[in-house]
Every structure is written in structure tokens, then in C-alpha cells.
Student: 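Can you keep this structure in mind? I'll have questions shortly.
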Amino acid sequence: MKLYVDAKGKQVTVSKDPEPKNDQNGNQRSEKGTGRLMWSTQVFVLDETGGEVLTVTTAGEKPGVTVGQLVHPIQWEAIPWATNGRSGIAYRATELKPAAGASAK
């Protein structure tokens with residue numbers, strides 16, 4: 001089952017430029033099955049309850065977004081994980097689409 005994030009009513013702003021998602025050896029990870037390179041982009045999500053910094057992973061071409069730019073995560077998915085007594089939520093999107101003519105600056 002996939003858990004999609006409802007972005008309605010949320011302002012999503014790029015807070016750190018996209019960078020390669022690397023493994024423990026410093027090699028850029030690739031998506032299983034497709035081999036597409038993976039990217040991590042830090043965003044700040046703001047809604048009526050406050051704000052939070054999240055990292056969103058995408059695969060394929062490097063996202064064409066910059067710090068301060070408002071974006072719309074496409075097919076934004078929350079993926080719960082647990083390993084060695086640690087747990088959290090990873091975020092993935094098929095694309096970080098720039099909001100038309102918008103900037104949070």
C-alpha cells in the first residue's frame with residue numbers, strides 16, 4: 001500500500017539545492033528496476049499548524065529547482081521504515097514541479 005501526502009494547503013519551498021543521493025561508499029544510488037539516478041532535495045513545508053524541513057527523493061534527471069523556489073511534489077509518497085531499532089519516514093516524489101512563477105523569497 002502506498003501512502004500519498006496531500007499537499008493541498010501546504011506551501012513547499014526548496015531549502016537546499018538538489019544533490020546526489022549517495023550510498024555509504026559515496027556512490028550515487030540508482031533506482032531499483034530502472035537504474036535511474038536518485039536525487040535528494042531538502043524542502044520546507046508550511047501549513048496552518050507550522051513548518052517542517054523534509055528531504056524528498058526523486059529519480060531520473062536532476063530536479064531543475066533552486067533554493068527559495070515554491071514547488072509541487074508530484075505523487076508525493078511517505079514511506080515508513082525501521083532498521084536496527086531506529087525508525088522514521090522517507091519521502092519520495094516522481095517530480096518536484098516548480099510552481100508557476102512563484103518564489104517564496
Side-chain angles (χ1 to χ4, degrees):
M1 173 193 302
K2 293 190 177 198
L3 304 172
Y4 289 104
V5 176
D6 182 4
K8 290 179 186 147
K10 294 174 178 50
Q11 178 179 306
V12 183
T13 307
V14 176
S15 54
K16 187 175 180 184
D17 285 331
E19 55 187 38
K21 183 175 179 93
N22 293 331
D23 64 17
Q24 64 274 15
N25 298 319
N27 299 314
Q28 188 170 6
R29 292 178 183 236
S30 59
E31 186 177 53
K32 293 177 185 169
T34 68
R36 297 184 311 159
L37 295 177
M38 298 177 80
W39 302 90
S40 294
T41 306
Q42 185 185 85
V43 297
F44 180 71
V45 183
L46 182 65
D47 66 12
E48 69 280 350
T49 64
E52 187 171 351
V53 175
L54 304 174
T55 299
V56 178
T57 299
T58 55
E61 291 186 32
K62 182 177 181 178
V65 297
T66 57
V67 172
Q69 189 171 26
L70 292 173
V71 295
H72 297 294
I74 307 300
Q75 293 184 1
W76 194 5
E77 185 180 356
I79 306 165
W81 60 269
T83 305
N84 299 326
R86 296 177 41 215
S87 62
I89 300 174
Y91 294 93
R92 176 114 189 219
T94 57
E95 179 184 1
L96 292 176
K97 188 173 185 175
S103 175
K105 289 184 179 179

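Only heavy atoms go into these numbers, but all of them, side chains included; no hydrogens, no water, no symmetry mates.
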Student: Donor-acceptor pair, Trp76 side chain versus Asp6 backbone, under 3.5 Å?
Tutor: no

Student: Return the minimal non-hydrogen interatomic distance between Val65 and Asp17, and the atom names on each side.
Tutor: O-OD1, 4.0 Å

Student: Check the surroundings of atom CD in Glu61: do more than 12 heavy atoms from other residues, nucleotides or ligands lie under 6.0 Å from it?
Tutor: no

Student: Hey, what do you get for OG1 (Thr83) to CH2 (Trp81), rounding to the nearest 0.5 Å?
Tutor: 5.5 Å

Student: At their closest point, which heavy atom of Gly60 faces which heavy atom of Arg36, and how far apart are they?
Tutor: N-CB, 3.7 Å

Student: If you compare all heavy atoms of Ser15 against all heavy atoms of Val53, which two are closest, and at what distance to 0.1 Å?
Tutor: OG-CG1, 4.5 Å

Student: Can you check whether Val12 reaches Pro73 side chain to side chain, under 4.5 Å on heavy atoms?
Tutor: yes

Student: How far apart are the C-alpha atoms of Lys21 and Trp39, what are their side-chain angles, what is the distance that settles it, and do they pass the side-chain contact (heavy atoms from CB on, under 4.5 Å) test?
Tutor: CA-CA 5 Å; Lys21 183 175 179 93; Trp39 302 90; 5.9 Å; no

Student: Could you report the tightest heavy-atom contact between Pro63 and Pro18, atom names first, then the distance?
Tutor: O-CG, 3.5 Å

Student: Find the distance between CD1 (Ile74) and OG1 (Thr58) and round it off to the nearest 0.5 Å.
Tutor: 12.0 Å

Student: Is the number of heavy atoms from other residues, nucleotides or ligands under 6.0 Å of Asn25 CG greater than 12?
Tutor: yes

Student: Rounded to the nearest 0.5 Å, what separation is found between the CD atom of Gln69 and the CG atom of Leu96?
Tutor: 9.5 Å

Student: Mind checking whether Gln11 and Phe44 have side chains closer than 4.5 Å, heavy atoms only?
Tutor: no

Student: Please step through side-chain contact (heavy atoms from CB on, under 4.5 Å) for the pair Thr13 and Leu46, ending with a clear verdict.
Tutor: CA-CA 8 Å; Thr13 307; Leu46 182 65; over 6 Å; no

Student: How close do Gly9 and Glu48 get, counting heavy atoms only, and between which atoms?
Tutor: O-OE1, 4.3 Å

Student: Between CG of Asp23 and CE of Met38, what distance do you get to the nearest 0.5 Å?
Tutor: 11.5 Å

Student: In Å, rounded to the nearest 0.5 Å, how long is the span from CZ of Arg92 to CD of Glu31?
Tutor: 4.5 Å

Student: Atom CG of Asn22 and atom CZ of Arg29: how far apart are they, to the nearest 0.5 Å?
Tutor: 8.5 Å

Student: Looking only at heavy atoms, what is the nearest atom pair of Val14 and Thr66, with distance?
Tutor: CB-O, 3.3 Å

